[in-house]
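The structure under discussion appears below in the form of structure tokens.
Just the heavy atoms: all of them, side chains too, but no hydrogens, waters or symmetry mates, feed the values below. In this text, all values refer to a predicted model and were calculated from it rather than measured experimentally.
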Amino acid sequence: MDSKDKIKVKSNRRFRKSFTHAVTGVKTAILEERHMRVHITAGMIVIMCGVFFRVTKIEWLFLIFSIFNVLTFEMINTAIERAVDVATEDFHPYAKKAKDVAAGAVLLASICSAIIGLLIFVPKLF
């Protein structure tokens, strides 16, 4: 095995290990975070509504992007909360601000997703 093959094998192992860590992160968020489960449930309802109302491909793009955008922000929020919890056990105003800003990001993503959902589904109801 020459050096190029060794590099490929190491690179593949690193990729698999990174992928495994990422999947573990998603599983952890789903199992340990109630809001993550709420967002997933809401996303599944949106998908069922999309099937029922036969949304267009472009509408599907917006819906899927919106669902995953909220899930992504929820996971980032969780990571920030955990990192802050590890960094300090005492109350600190900056720690509170970091957590509040992260939660605000989830709120903004959720509001944007709700607006997109309303723009897509309300006209289909009338």
Side-chain angles (χ1 to χ4, degrees):
M1 184 183 301
D2 64 358
S3 63
K4 283 186 179 182
D5 291 335
K6 287 180 183 177
I7 292 172
K8 280 185 181 181
V9 168
K10 277 187 177 182
S11 180
N12 287 339
R13 281 190 200 138
R14 274 190 238 139
F15 175 78
R16 274 183 286 184
K17 195 171 188 178
S18 295
F19 187 79
T20 301
H21 290 309
V23 170
T24 300
V26 173
K27 286 180 186 177
T28 300
I30 292 168
L31 294 173
E32 296 181 8
E33 292 300 315
R34 181 176 54 90
H35 289 112
M36 187 69 169
R37 292 189 298 274
V38 168
H39 292 309
I40 288 172
T41 302
M44 290 189 303
I45 291 168
V46 168
I47 290 170
M48 288 187 287
C49 289
V51 170
F52 179 79
F53 288 110
R54 298 176 190 217
V55 297
T56 66
K57 284 183 183 178
I58 296 296
E59 291 169 332
W60 273 120
L61 288 173
F62 280 101
L63 292 174
I64 297 299
F65 177 79
S66 295
I67 291 166
F68 278 90
N69 193 38
V70 171
L71 296 176
T72 299
F73 274 101
E74 184 61 44
M75 290 181 68
I76 291 169
N77 178 45
T78 299
I80 289 170
E81 286 180 352
R82 295 298 174 272
V84 168
D85 289 346
V86 167
T88 180
E89 290 182 12
D90 299 327
F91 175 81
H92 194 285
Y94 287 162
K96 181 186 181 322
K97 285 182 181 183
K99 288 182 171 189
D100 290 350
V101 169
V106 178
L107 177 63
L108 290 178
S110 298
I111 290 169
C112 181
S113 294
I115 291 169
I116 289 169
L118 290 171
L119 289 171
I120 291 172
F121 291 118
V122 168
K124 296 180 182 309
L125 294 171
F126 300 105

Check your understanding: Crowded around Phe91 CZ? As in, over 12 foreign heavy atoms under 6.0 Å?
Key -> yes

Review point. How far apart are the closest heavy atoms of Val51 and Trp60, and which atoms are they?
Key: N-CZ2, 3.6 Å

Check your understanding: Above 12 or not: heavy atoms from other molecules or residues under 6.0 Å from CD1 of Ile58?
Key -> no

Check your understanding: What's the spacing between Leu107 CG and Ile111 CD1 if we round to 0.5 Å?
Key -> 4.0 Å

Check your understanding: Can you name the residues that form a ring pair (Phe, Tyr, Trp, His ring centres under 6.0 Å) with His92, not counting sequence neighbours?
Key -> Tyr94

Side chains of residues 62-77: which donor-acceptor partners sit under 3.5 Å, not counting sequence neighbours?
| unit_1 | atom_1 | unit_2 | atom_2 | d |
| --- | --- | --- | --- | --- |
| Ser66 | OG | Phe62 | O | 2.8 |
| Thr72 | OG1 | Phe68 | O | 2.7 |
| Glu74 | OE1 | His39 | NE2 | 3.2 |
| Asn77 | OD1 | Ala103 | N | 3.3 |

**Study point:** Common cluster, Met48/Leu125, ILVMFWY with side-chain heavy-atom separation under 4.5 Å
**Key:** no

Review point. Are Leu119 and Phe52 co-members of a hydrophobic cluster defined by side-chain heavy atoms under 4.5 Å apart?
Key: no

Exercise for review: Evaluate salt bridge (Lys or Arg N to Asp or Glu O under 4.0 Å) for Lys124 paired with Glu59, printing each intermediate quantity in order.
Suggested key: CA-CA 12 Å; Lys124 296 180 182 309; Glu59 291 169 332; 3.3 Å; yes

Review point. About how many Å separate OG of Ser113 and CG of Leu118, when rounded to the nearest 0.5 Å?
Key: 11.0 Å

Review point. Quick one: does Met44's side chain get under 4.5 Å of Ile40's, heavy atoms only?
Key: yes

**Study point:** Single-linkage hydrophobic cluster, 4.5 Å side-chain cutoff, Val84 and Val101 together
**Key:** no

Review point. Do Met36 and Ile80 share a hydrophobic cluster (ILVMFWY, side-chain heavy atoms under 4.5 Å, transitive)?
Key: no

Review point. Honestly curious: do Val46 and Ile30 fall in one hydrophobic cluster under the side-chain, below-4.5 Å linking rule?
Key: yes

